[in-house]
Asks: 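Quick one: this structure, given as structure tokens, is what I'll be asking you about.
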Number of protein chains: 2
Amino acid sequence: MDSEELRNAGLKVTTPRLKILTLLEKSAERHMTADTIYRLLVEGGEVIGLATVYRALAQFEAAGLITRHHFDSGQTVYELERGPHHDHIVCIRCGRVEEFYDKVIEERQREIAASLGFTLSDHALTLYGECNSQDCPGRQG
Amino acid sequence: MDSEELRNAGLKVTTPRLKILTLLEKSAERHMTADTIYRLLVEGGEVIGLATVYRALAQFEAAGLITRHHFDSGQTVYELERGPHHDHIVCIRCGRVEEFYDKVIEERQREIAASLGFTLSDHALTLYGECNSQDCPGRQG
DNA sequence: TATTCAAACGATAATGATTCTCAATATAGA
DNA sequence: TCTATATTGAGAATCATTATCGTTTGAATA
């Protein structure tokens with residue numbers, strides 16, 4: 001249950017936090033901006049403040065429940081942490097986001113950091129390209 | 001000369017654009033925010049507007065003269081395009097930025113994109129870690 | 001279950017980054 | 001040099017995010 005997740009994260013269980021967490025879990029779109037989350041909740045009839053959404057997201061991130069990404073569009077999107085680490089590939093036409101994990105790249109990164117005198121603690125890898133989804137506006141045919 | 005670069009990029013040669021381009025070339029720090037660029041110019045006695053800096057940077061980026069990065073700090077930094085492609089590693093304590101290029105990772109990326117049905121057009125890879133620079137505040141010893 | 005108090009809330013003001021507006025100015029070509 | 005147009009600087013406007021503040025709520029305890 002979501003209450004458990006919050007308690008385990010050391011956060012007080014409150015109605016707004018549960019609403020946000022539930023939305024993140026149920027939503028088909030896994031990468032959302034704070035404003036999108038806020039709007040979806042309000043449109044769904046919930047009473048919640050935008051500031052609360054930002055506050056909760058910051059706390060969720062600090063607790064490791066969600067991850068924050070800065071794709072090239074410049075906007076900040078949040079993603080629920082589920083399953084193991086992965087990176088992203090974003091379609092530059094339709095914005096679709098796919099996830100992937102590559103052992104080779106992960107290992108190389110650690111080696112590179114070490115060779116430069118860094119202790120690797122995190123990384124952000126995003127590929128950009130054109131997808132061939134049926135719905136992608138830039139698709140030929 | 002800088003005028004050449006602008007002309008080749010299809011941009012009119014103007015004083016403000018030359019000032020910005022020159023600063024980017026001469027500055028020791030290769031990754032700067034728009035505001036930093038603006039402030040450095042003003043401190044150097046130049047008369048220039050912040051809006052002009054933003055405009056010029058956007059045009060330079062469109063022309064391929066510079067690249068824009070979004071590191072995890074959330075701020076947008078600009079970097080003069082010189083030499084071949086490279087990725088970045090950022091110290092999470094002191095903010096120092098190093099550059100690197102890795103053939104293995106570059107190749108893997110293309111393979112991954114293809115396997116997911118994408119035609120790769122770009123990517124952003126940034127590693128985060130703790131550096132062992134003499135000046136890094138988090139350094140032990 | 002009622003009490004209590006710090007933590008969290010919602011509304012909104014404030015901030016910081018970026019973009020827009022517009023009158024004045026500078027550029028490139030005739 | 002002259003002209004038409006693009007660019008500029010200053011400041012207003014916008015957008016995302018954070019801070020403020022009086023009110024409400026969660027959870028520990030009586």
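FYI, side chains are in, hydrogens and waters are out, and symmetry mates aren't considered; it's all heavy atoms of this structure. Protein chains get the first letters and strands the later ones, always in sequence-line order, with residue 1 at the start of each.
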Asks: For B:Gln75 and C:dT15, give me the distance from atom CD to atom P, rounded to whole Å.
Replies: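 About 20 Å, once rounded to whole Å.
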Asks: What pair of heavy atoms forms the shortest contact from B:Leu6 to B:Lys12, and how long is it?
Replies: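 In terms of heavy atoms, the two residues are closest at CD1-O, 4.4 Å.
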Asks: Spell out, yes or no, whether A:Val97 and A:Leu57 are grouped together once hydrophobic residues are joined by side-chain heavy atoms under 4.5 Å, including indirect joins.
Replies: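 No: no chain of side-chain contacts under 4.5 Å links A:Val97 to A:Leu57.
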Asks: Looking only at side-chain N and O atoms, does B:Tyr54 come under 4.0 Å of OP1 or OP2 in C:dT19?
Replies: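 Looking at the OP1 and OP2 atoms of C:dT19, neither is under 4.0 Å from any side-chain N or O of B:Tyr54.
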Asks: Return the nearest nucleotide to the side chain of A:Thr52; candidates are C:dC9, D:dG26, D:dT7.
Replies: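 Output: C:dC9.
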Asks: Rounded to whole Å, how long is the line connecting atom CD of B:Glu46 with atom P of D:dT8?
Replies: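 After rounding, the reported distance stands at 14 Å.
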Asks: Roughly how many Å is it from CZ in A:Arg55 to C1' in D:dT25, rounded to a whole number?
Replies: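 Interatomic distance, CZ of A:Arg55 to C1' of D:dT25: 13 Å.
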Asks: With nearest nucleotide decided by heavy atoms, which residue, A:Thr76 or B:Ala51, maps closer to the 5′ end of DNA chain D?
Replies: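 Of the two residues, B:Ala51 wins.
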Asks: Just wondering, do A:Asp2 and A:Val13 contact through their side chains at under 4.5 Å, heavy atoms?
Replies: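 With C-beta onward as the side chain, the pair stays apart.
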Asks: Rounded to whole Å, how long is the line connecting atom CZ of B:Arg68 with atom P of C:dT18?
Replies: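 Nearest whole value for this atom pair: 8 Å.
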Asks: Just call it for A:Thr14: base, sugar-phosphate, or nothing, with non-hydrogen atoms closer than 4.0 Å on any strand.
Replies: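 Sugar-phosphate contact only.
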Asks: Hey, does B:Thr15 reach any base, or is it just sugar-phosphate, or nothing, if we go heavy atoms under 4.0 Å?
Replies: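 Since only primed, P, OP1 and OP2 atoms lie under 4.0 Å of B:Thr15, the category is sugar-phosphate.
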Asks: Rounded to whole angstroms, how far apart are CG on A:Leu50 and P on D:dA19?
Replies: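 Answer to the nearest Å: 14 Å.
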Asks: Quickly work out the A:Ile37 CD1 to D:dA16 P distance and round it to whole Å.
Replies: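 In whole Å, D:dA16 P and A:Ile37 CD1 are 14 Å from each other.
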Asks: Quickly work out the B:Leu18 CG to C:dA26 P distance and round it to whole Å.
Replies: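 From B:Leu18 CG to C:dA26 P: 15 Å.
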Asks: Is there a donor-acceptor contact under 3.5 Å from the side chain of B:Thr126 to the main chain of B:His88?
Replies: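 Side chain of B:Thr126 to backbone of B:His88: no pair is present.
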Asks: Check the distance between D:dT8's C1' and B:Leu11's CG and give it to me in whole angstrom.
Replies: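 My rounded result for the distance is 15 Å.
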